[in-house]
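What follows is a single structure, written as structure tokens, with notes after it.
The first residue of the sequence shown is numbered 1, and numbering continues consecutively from there. What you see below is based on every heavy atom in this structure, not just the backbone, and it leaves out hydrogens, waters and symmetry mates.
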Amino acid sequence: MMLTSIISPGVAGVVLLVVLAGGYLMNRIIQKKYGYTPEREKELEEAKEEAVSDDRSHPSCEKKRY
């Protein structure tokens, strides 16, 4: 029985390398933009403190009386 391939092993290897390189680059970009940094942690803590101190609810969230 003879096996035939759709693409050659060389092309498959190049495609695999391109996919891996693209995944690595995307991961680096996303981590740089959204990843953990001390500055980001400080921003999140400040946002939590503001949310706790701002106890007023939004008017659209109040129960309506009919």
How would you list, by chain and number, every residue that makes a side chain to side chain contact (heavy atoms under 4.5 Å, CB included) with Glu45, sequence neighbours excluded? Glu41, Lys48

Tell me who clusters with Leu16, hydrophobic residues only, linked when side chains sit under 4.5 Å apart either directly or through other members. Leu20

Any chance you could pull the hydrophobic cluster mates of Leu25, using side-chain heavy atoms under 4.5 angstrom and chaining through other members? none

